Amino acid sequence: MSRDVTDLLPAARELAEAMLVATEQAGYPVFITSTLRTFHEQDELHAQGRTTSGSIVTNARGGESRHNHGLAFDVAFVRPAGEDIFDGPWDQIGAIGRDLGLEWGGDWTGFVDRPHFQVPSPYDVGVLKAAATGRLRRGIGAAKANVIQLQTLLRQAGLYGDRIDGDFGPITEGAVQTLQREARLLPSGMVHPRELEELQRRLS
Ligand SMILES: [Zn+2]
């Protein structure tokens with residue numbers, strides 16, 4: 001598991017660095033405890049408190065956390081040795097993150113995760129996971145919900161005018177190829193994280 005901000009995608013890295021500066025300036029300095037996790041590391045973390053010892057720390061399996069996609073980081077408070085690094089003014093830290101445009105795990109209902117911050121993304125983790133594992137392309141039975149989200153965003157970007165039906169057919173594939181050609185990526189018709197980034201860039 002990495003705690004290096006250079007392992008994050010550029011947008012997340014920029015916000016993580018801004019967070020360190022802003023919390024220092026506010027008088028509540030924090031440090032980064034976690035950035036990128038591999039799918040395997042996430043699966044091991046998910047097992048904790050379920051099939052291995054310890055308490056449950058996450059509901060996300062491999063690919064289902066923004067940490068697995070370079071879009072999230074965790075923080076703790078800078079404290080003298082021996083003191084609890086998770087005991088501090090979380091609400092102030094959460095507000096600083098929100099002001100920077102981050103989503104804060106302390107705002108979640110259900111599983112509240114106060115050390116956690118992530119970059120807002122138009123994609124559910126299912127789409128990110130499908131792209132990372134090559135399961136978002138024509139001819140492999142991509143999950144309908146993921147294809148619906150992709151088609152919706154392709155339409156918003158002006159690249160897709162057909163039905164939003166969750167079926168990754170030739171017209172969806174053609175829209176992905178148009179996106180790729182315009183971005184000077186290989187027009188493979190396959191959606192990878194870089195195609196999602198390109199689409200997000202066009203929509204922002
Ligand atoms: Zn986290």
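FYI, the numbering just counts along the sequence from 1. Note that the structure is a prediction, hence the values are computed from the model and not measured. In each ligand, atom 1 is the first atom listed, and ligand 1 is the first ligand listed.
Using a cut-off of 2.8 Å, one finds that D113 contributes no N/O/S atom close to the Zn ion (ligand 1).
Classified by interplanar angle (parallel below 30°, tilted 30° to 60°, perpendicular above 60°), the ring pair W108/H116 is tilted. Between F39 and H69, the ring planes are perpendicular. Angles over 60° get that label, and only those under 30° would be called parallel.
Among the heteroatoms counted here (N, O or S) of D74, OD1 is the one nearest to the Zn ion (ligand 1). Distances from the Zn ion (ligand 1) to each N, O or S atom of H116 single out ND1 as the nearest.
Residues E197 and Q200 fail the side-chain proximity criterion, which asks for heavy atoms closer than 4.5 Å.
In this structure, Q151 contributes its side chain and D165 its backbone to a donor-acceptor pair below 3.5 Å.
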